[in-house]
Peer 1: 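Quick one: the structure is below, questions incoming.
Below, read A as the first sequence line, B as the second, and so on, with proteins coming before strands; counting in each chain starts at 1.
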Protein chains: 2
Amino acid sequence: MARRVSRRGGNIVTIHDVARHVGVSPMTVSRVINGEKNVREETRAKVLASVEALNYSPNLAARSLATQDSARIGLLYSNPSVAFLSEFLLGILSESSQSGAQLLIESCEGPEGATAALEKMKANGCDGVILSPPLSDSSRVAKILRDMNLPFVGVAMARPDPLVCCVTIDDFKAAFSMTKRLIELGHQRIGFIKGHPNAYASQTRFEGFESAMKKANLAVDPAMVAQGYFTYRSGFDAAERMLSLKDRPTALFCSNDDMAAGAVATAHRLGLEVPDHVTIVGFDDTAMASSVWPELTTVRQPIADMAALSVRLMNDQIRAKRLGRPFEPVREIRDFALIERQSSAPVQSSG
Amino acid sequence: MARRVSRRGGNIVTIHDVARHVGVSPMTVSRVINGEKNVREETRAKVLASVEALNYSPNLAARSLATQDSARIGLLYSNPSVAFLSEFLLGILSESSQSGAQLLIESCEGPEGATAALEKMKANGCDGVILSPPLSDSSRVAKILRDMNLPFVGVAMARPDPLVCCVTIDDFKAAFSMTKRLIELGHQRIGFIKGHPNAYASQTRFEGFESAMKKANLAVDPAMVAQGYFTYRSGFDAAERMLSLKDRPTALFCSNDDMAAGAVATAHRLGLEVPDHVTIVGFDDTAMASSVWPELTTVRQPIADMAALSVRLMNDQIRAKRLGRPFEPVREIRDFALIERQSSAPVQSSG
DNA sequence: GTCTGATATGTTAGCGCTAACAAAACGGTT
DNA sequence: AACCGTTTTGTTAGCGCTAACATATCAGAC
């Protein structure tokens, strides 16, 4: 009896190949791949080794057909520092292409424009939304999403909302650490440029700064605190005011990199060398930080990593919703890192 | 006999629903959907009517599982201006999520690192690769891909290679236009900062500049041409040399935005206002162009659009290859645009 | 009418994976 | 040892679609 011609591609490694290689059933392999818990540690290790050895990678089409979950994840952003966006997208992409999620991307102008964008997403069959800052901090956007009954995950939120699933760093601690580092370098007159007033991160970062100053018994001179708006120009202007003071700061802590870059430009314009005459540090470690010269000392958020994690959380949440299981909001906190580049140095004795 | 619980989602319209509705077999419906020819006109019409009535739309996962064609598109990039990357990714993403393509992303350090990255992609079942600049211009990378028998599409290539499928703008014409515009503004001493010598775009852009100058009977003073490397710092340094000349240029044309931003910083440092004392323009319209102050006049490439198009070309190419049909390389040229912002102005009478 | 070669439709099985169920192995009681 | 609950593994079927094969239908020729 002539066996029907197989439609198999030929060289594609499937879950069955792995199963045979290990000597277990395909189902067990599936369980390992999907990180289910009821698998003996020994078995899991063997399967993972085979996966590695055979260079297996799951067929997403088959998976989403089997699970009936072709998750469509919406991505809503609103004029972030575009360098942030790039890393954010990389993280989202690498993860979502692995999980086979489909992406719907929309941008909007602040929380006001969110309704329209979200409705469009919902109409396109969106199952859940990932919010990038500053939208992730907007209670207004959160309310819209809840009203729409759409699950969501916020990335880089600065305000802990126990009801919202999110991925963040500890902004307070990060600002605290950076300030502490500046103090260790001998700086005492430290200027601070705040971020946009409607982003909670702005407030949190300032509080971290204040707290570190207080702990070192250093006064926070109101003349040394300026309101910024996360833009280059606002950093430029704020720095101009502070660096023109008779008793100017020896260090400037800017709440993001764009403002720090603006501050560096101002310093140069005023004839001040960075870091010889003034130390300037930023926050976020966006592309801006390492494009300008001198490159900026800054706080690094693992943005791509956080974005990738947000996709995983979103998938979990969507699946839970689909299966009618409860899903309790998770707040994942990732580690930040202080990145010391050329824009910071120990304080010089002469101004 | 208790029937096993179905895993059907519930309200999803499938090909079977349509078939039942029309009174034919699912296969016939499939044939109609896929535009096969051996279907009676009358049947086809009935099926199409039902598809319309039931609002059926095919399940992409099921189809690609059945046809064994799930295009996996690789994306290879190498430290581009990261702002470029962001737009690039947005374009890729929006298109690939529509065509159901899977994405594999890898970065590498210059063409040297490409081999490893590409082999990893191939091992992961990649069907074709999209290259962003400067890799798209690398003949070395092109050779590797040809040796691997992997189709590829280059984005924003500056060197026309008739054998390579690509999406570009006309760099020559763009540089020509920008130069012409500067001349119209009254500038005659125009400095040019070249891009990295190993990117073909650098040469092409310079030629466009030269050509426009020649056409206006303006000499290109060798002292007014500097070698840059597409980095902020190189723009900073090159501009310092040129702007310190006794007979300094009234305008600087930088081969990308990062260098233009560096040039602006230098100008400020030298006490020159932009654009009052010197006009500085860039190229690419990356995020950098509108983050710095003053915002840069520049040449805009429709990057997102080009990236989206590259995905479509890739899909076509992969499909052609799979069906064993020939595919002749396409060279798609998109329009650029001159974006005039605050860093350029008519020449001032007094330096 | 019946045979022929086309054309139109139906049937079957399987793409790779996982939900649901079933069975086996294990650990601790009595 | 028999019993129980838990944890780990296996079995079966099916997600929606289409390739390959099988059959039915039809037009024209003898």
Peer 1: Rounded to whole Å, please give me the gap between CG in A:L65 and P in C:dG14.
Peer 2: 17 Å

Peer 1: Do the non-hydrogen side-chain atoms of B:C108 and B:L135 ever get within less than 4.5 Å of each other?
Peer 2: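 SC-SC contact between B:C108 and B:L135 confirmed.
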
Peer 1: Given C:dG10, is OP1 or OP2 found less than 4.0 Å from the side-chain N or O atoms of B:S25?
Peer 2: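 Yes, within the criterion.
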
Peer 1: First locate atom CG of A:D17, then atom CG of A:N55, and finally report the distance between them rounded to the nearest 0.5 Å.
Peer 2: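 That separation rounds to 12.0 Å.
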
Peer 1: Is there a donor-acceptor pair closer than 3.5 Å between any side-chain N or O of B:D137 and the backbone N or O of B:M157?
Peer 2: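 No, B:D137 side chain to B:M157 backbone: no donor-acceptor pair under 3.5 Å.
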
Peer 1: Specify the angle, to 10°, made by the local axes at the two ends of the helix from C:dG1-D:dC30 to C:dT30-D:dA1 when five pairs are taken at each end.
Peer 2: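 That helix gives 60° between its end axes.
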
Peer 1: What is the distance, rounded to the nearest whole Å, between atom CZ of A:R20 and atom C1' of C:dC17?
Peer 2: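 After rounding, the reported distance stands at 15 Å.
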
Peer 1: Between C:dG10, D:dT18, C:dT18, which one does the side chain of B:V24 approach most closely?
Peer 2: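 So the side chain of B:V24 is nearest to C:dG10.
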
Peer 1: If I compare all heavy atoms of B:I144 with all of B:A114, which pair ends up nearest, and what's the gap?
Peer 2: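 Closest approach of B:I144 to B:A114: CD1-CB, 4.5 Å.
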
Peer 1: How close do B:L76 and B:A117 get, counting heavy atoms only, and between which atoms?
Peer 2: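 Closest heavy-atom pair between B:L76 and B:A117: CD1-CB, 3.7 Å.
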
Peer 1: Heavy-atom distance under 4.5 Å between the side chains of B:V141 and B:F152, does that happen here?
Peer 2: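 They are not in contact (no side-chain heavy atoms under 4.5 Å apart), so the answer is no.
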
Peer 1: Could you state the CD1-P distance from B:I15 to C:dG10, rounded to the nearest angstrom?
Peer 2: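 From B:I15 CD1 to C:dG10 P: 12 Å.
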
Peer 1: Near DNA chain C, which residues from residues 26-55 of chain A have a heavy atom under 4.0 Å away?
Peer 2: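 A:M27, A:S30, A:N34, in order of number.
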
Peer 1: In whole Å, I'd like the distance from the NE2 atom of B:H16 to the P atom of D:dG14.
Peer 2: 12 Å

Peer 1: For B:T43 and B:R31, test the side chains for any donor-to-acceptor distance below 3.5 angstrom and give the result as yes or no.
Peer 2: no

Peer 1: So which of A:D305, A:I92, A:I303 actually passes side-chain contact (heavy atoms from CB on, under 4.5 Å) with A:E87?
Peer 2: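 It is A:I303; the other options fail the test.
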
